[in-house]
Structures are given as structure tokens and as C-alpha cells.
Amino acid sequence: MQILAQLIASGIAVGMIYGVIAFGYQLTFATSKTLNFGQGEALMLGSLVGWTVVAVTGYLIMLPIVLAFGLLQGAVVERLGVRQAIKTKSEAGWIMATIALGIIFKNLAENIWGRDALKFPSPLPEAPLSFMGVNVLPMEVAIVVGALAMMLAVEVFNRRSIYGKAVVATAVDRDAAGLMGINTSLVITFSYALSSMTAAFAGVLVAPVTLTGASMGGVLGLKAFSVAIIGGLSSGMGVVVGGLILGITETLTGYYISTGYKDVPGLVLLLLVLTLKPAGLFGRATIKKV
Amino acid sequence: MLKIENLSAGYGKVQVLHGISLDVAKGSLVTLIGSNGAGKTTTLRALSGMIAPTGGRIMLAGTDIAGMASHDIARLGLAHSPEGRRVFGTLSVADNLLLGSFTRLTGARPRGDVGRDLDRMYALFPRLSERRAQFAGTLSGGEQQMLAMARALMLGPEVLLLDEPSMGLAPKLVEDVFATIALLRQNQVTMLLVEQFAAAALEVADIGYVLENGRITAHGPAAALKTDPAVRAAYLGAAH
Ligand SMILES: Nc1ncnc2c1ncn2[C@@H]1O[C@H](COP(=O)(O)OP(=O)(O)OP(=O)(O)O)[C@@H](O)[C@H]1O
Ligand SMILES: [Mg+2]
């Protein structure tokens, strides 16, 4: 029982990271029906930039710098890889372009930071806290709180501010949004910026627990992608639950079966969802009256 | 206010408009009538930048807006209530109206008093007032039509384009829509109205244009068009 609770607790932290990256996939999908397949690399770059900056400024001042870097990096991806494909209505253009940019970012990172994993200093004590016999790292708590806060902040922005409403309007009907005077190309660039920003933030949240390095992005990006499929590309709630399901099944499989099979249940779940409920567990048809 | 010269437009290789010219004077209500597929909606789309014209000029208060992006055209004061209403279904009625005033709230157009204009819209369309917190997608067709018109008015437009505001409405509601248009006309809102109910449109309009296969075939004072034998035969039915 103790062990099970322990495994679930670590699964939750991992799952929240998957969830927040998957949330980033949703952001660009909503406005443009495209995805940044270099999302994992956005996380990796954010984390490595953070690693460099944190040595100079400390963790708290590093955060806004990394967030700003993420915004910029996402905007660059959209301008270079996605905009032209959307304009020409190319179905495959953005897929290839965002994958290619991801590979370029990875190579760039290998040349700047090397290929080895780097230790990211933890801003919080590294001694575990004990809740009724379950050990939790303070940084794991920070991951859960930070990830939820980030998603909540974006939701509040979308619901409350006129610019957020413009983002939602663009997602619902791009042409009609244009008639309102909304620059919808800029909204799409912004959604890419925001999406990379959440990934970069996830990068500096997870790095103190794992390690950081040029190769950290690929697997995380892929797993978050299956979380986005499991949870549904349109449901904010879905990625949290999807992330938790995946994170927890992974740690459970890793312990009770074998770490070698740790990735299997998630993929099986992905295949099941794709077969039985392609819109995702929480996906819903949008309300649209004709 | 709005002066269209020799406008042509289409979809891909299919040309729909073959050089049409049309004038909307400040404060006037102009109606564009024509049968299904004549190119009425295409005309409005070209005006508001939803499609790029292939030729001609569109002068809005002295600026050529032909080929500009739709958000830039909206910022110059052209509002378009499009065919099919196109309200933002997953946003509330109130949010739809706020988005109508996006250019004003973000400094692209003079702000004026957005709150007072919202109140005016709710006074003009009391049904929207009762449903302001409801998702626009859950409104009835008629209510969505009111919302689309009100949303366009929230821009504080120099010119308002209305594409078949009576489409799909019960006769009583059609009357209401035309009454609202007449009221806007009294308030000096410059409008270009596309309508299937030609008789009713010519009743409220100052000037009428007849569009056939992408060409203007007749135009003049609405009262004169109404009695024109050719127009009567084609669009008004013998009974009128
Ligand atoms: N998105 C489109 N792609 C291709 N062709 C189109 C498109 N929209 C309209 N057309 C064509 O352009 C022509 C004019 O259509 P338009 O919608 O402007 O007609 P309309 O006068 O508004 O008709 P209605 O009274 O039925 O609304 C039609 O032949 C139509 O088939
Ligand atoms: Mg039409």
C-alpha cells in the first residue's frame, strides 16, 4: 500500500509535466489546426537556457527570462515553419517544417551545451517531505502547482481579457474573427509563442528533478503528444487527466513489471483511444449551429 | 462613402464578378438584389477582404481597400454581418458583442462609449439582453441573426454590410428585421443590404442595384426600380 501510494505520487509529478506540454499542443491546434512537433525541443531549449541563466541570476529571476525566450522561440517556429503552410493550405508542410526545426534546435543545443546530461540546481530543498509515509520531493510539489498555475493563467487570459477572447474567436471562426478587426495571423503566431512558453516553463520545472540536456526533449514531446491524443486536442481538462493516467501507469509498470516495459501501457492506451474514441477521452464536438 | 469601381472577383479560376460598379453615399441605404448565385455574397466578401478581388477599386472614405486584409479593412470602419451569421458559438452573447467592438477596445478605432453602445444593442434587441450570458451557439436562428447584426454595429461602422439578414426567419421575425433596418437608416447608418426579399428591401432602401451573373443590369432609386417592369417580372413576382 505504502509503495503503491509512493508510486502514484511520483507518477503525478511526471504526469503533470506531460499534461502541461500537451496543453501547449492544444493551444496551437485551437487557432490553426496545426501542431508544433518540435514541442519537446522547445522544452529542452527552455531548460538549457534556464540552466545557463540560473547560474548567474538564481531561479526566480531566471523564470521570466526563460518564459520570454520561449515566447520568442515559438514565434520563430511559426514564422519559419508554419505560416507559409497555412497560407497555401498545405496539409503536410507544417508537419515536416516543425519536425525539421526541432532537429535543427537539437543540433544547435548539442553544439552549445554538449551531449551530456547536466545537473540543474534545485531551487528547493532536495530532502523529501514525508506525508503519512509517502516521500515527495518539494520540487515535485512545485511541478504540480506550477503546471496547474500556468494552465489556469492561460485560461483566465482567454476568458477575461479582450485579447484572450480574440484568440478564442480565431479558434472558433477565423474569417469571422478577421471581420472583427482581429489580426488572425498574429493570433496564430501568438499561440505558437504561448505554446513554446509553456513548454519552456515545463523544462525548467522538470530539470531539477530529472537532468537537463540536448536529448531530453524528444521522448517528452512524444509522450505529451500521446497525452494530447488521449485527452483530446480540444479539452483543457483532458490533458491533465490524460497526463496523470500516463504518468501513473508508467511508474506502476516500471515498478511492478519492468522498467523495460514502462512505455508500453501508455502506447496501448493511445492505440485504444485512437480506435475507440478518436476525438480523445474528453473530446467533444464543438457547438456550432448552421 | 463607399465607391466600387469595376470590381472583379472569384474563387480560384472561377470568375464570379465581372467588373461591377456601385456607390453607397454617406447615410444612405443601398440594396443589392439578384437571384441565387448571382454573386451578391461574393461582392460583400470582396468588400470586406474575406476574398481578394482580382481587379478594380474599392474606395472607403477615400482609401482604396481592395486587396487589404480583412482586419485592416475593419479598422477603417467597414463592418460585415456575413452570410450564415457566423457568430462565435462557444462564446457568450455578451462576449460576441464585445468582440464586435474589438477595434475600439484595442485602440485601432476611436473608443467612444462601448458600455453605452452595448446598452443600446440590448435595447434594440431585447432578446439578446435576456440571453447575454448564454452561449451564442445555443441561440435560435433568428436570435443569432440579431446577434450578428448587433455585433457588426458594435464596430461603430462607417459602412455596414448586411448579407441576407432575413434568411431562414419566420415571417414575423423578417418584419422585425426590416423594422430594425429602417430604424438604423433613420439613425444615418450607411448600409449596403443584400436581400432575397427584393420587394421588402426596395421598400426600405434609397437606392437599388440588380446583380445578374456577376454584372449590374439595373440600378436607380429604389422606388423607381420597384415599378420597373423588367425588375418586377424577375424579382418581385407578378402579384406585387
Ligand atoms: N467558396 C466558394 N468557392 C467556389 N465557388 C463559390 C464559393 N462561394 C460561392 N461560389 C460560387 O460563386 C457564385 C456566386 O455565389 P454567391 O454566394 O456570391 O451568390 P449569391 O448571390 O450570394 O447567392 P445566394 O442568394 O444563394 O446567397 C455561385 O456560382 C457559387 O457557386
Ligand atoms: Mg449569398
Side-chain angles (χ1 to χ4, degrees), chain A residues 26-27 29-33 79 83-84 86-90 154-191 232-238 279 282-290, chain B residues 44-45 47-51 68-92 94-109 114 134-141 143-145 148 151-152 154-157 161 163 168:
Chain A
Q26 289 183 336
L27 292 176
F29 189 75
T31 55
S32 65
K33 298 285 172 284
R79 285 295 164 105
R83 173 161 296 203
Q84 201 53 32
I86 294 176
K87 205 173 271 170
T88 57
K89 300 200 160 59
S90 154
V154 174
E155 274 305 301
V156 169
F157 169 78
N158 279 351
R159 280 176 203 217
R160 295 268 167 251
S161 82
I162 187 69
Y163 291 100
K165 287 171 189 181
V167 172
V168 179
T170 302
V172 177
D173 187 335
R174 192 176 168 191
D175 283 344
L179 295 179
M180 304 298 111
I182 297 163
N183 182 345
T184 56
S185 306
L186 198 61
V187 169
I188 290 173
T189 306
F190 174 73
S191 65
L233 275 165
S234 61
S235 159
M237 179 58 199
F282 300 87
R284 55 195 139 85
T286 43
I287 309 162
K288 201 175 202 178
K289 226 176 207 179
V290 186
Chain B
L44 297 195
R45 283 188 184 143
L47 295 180
S48 66
M50 289 174 88
I51 58 172
M68 281 171 56
S70 58
H71 64 267
D72 287 325
I73 295 176
R75 285 165 193 194
L76 289 171
L78 188 108
H80 182 178
S81 170
E83 184 173 73
R85 309 182 276 255
R86 310 285 286 267
V87 297
F88 302 114
T90 54
L91 287 171
S92 70
D95 280 348
N96 271 268
L97 292 177
L98 271 185
L99 282 163
S101 59
F102 180 80
T103 52
R104 299 165 62 190
L105 294 171
T106 56
R109 281 182 68 64
V114 174
Q134 204 170 310
F135 281 140
T138 64
L139 297 180
S140 76
E143 290 160 352
Q144 288 192 11
Q145 189 60 64
R151 185 181 65 174
M154 284 302 291
L155 185 86
L161 311 180
D163 197 339

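Letters A, B, ... are given to chains in the order of the sequence lines, protein chains preceding strands, and every chain is numbered from 1. Values below: all heavy atoms of this structure, side chains included; hydrogens, waters and symmetry mates excluded.
Counting heavy-atom pairs under 4.5 Å between each of B:Leu91, B:Leu105, B:Val87 and chain A puts B:Leu91 at the top. The residue among B:Arg151, B:Arg45, B:Arg109 with the most heavy atom pairs within less than 4.5 Å of chain A is B:Arg151.
In terms of modelled atom types and a separation under 3.5 Å, the side chain of B:Ser101 and the main chain of B:Leu98 share a donor-acceptor contact.
In this structure, chain A has heavy atoms under 4.5 Å from both the backbone and the side chain of B:Thr106.
Rounded to the nearest 0.5 Å, atoms CG (B:Leu44) and CG (A:Leu179) are 10.5 Å apart.
A:Lys165 forms no cation-pi arrangement with A:Tyr163, by the criterion of a distance under 6.0 Å to the ring centre and an angle within 45° of the ring axis.
Side-chain polar atoms of A:Ser185 and A:Arg83 form no donor-acceptor pair below 3.5 angstrom.
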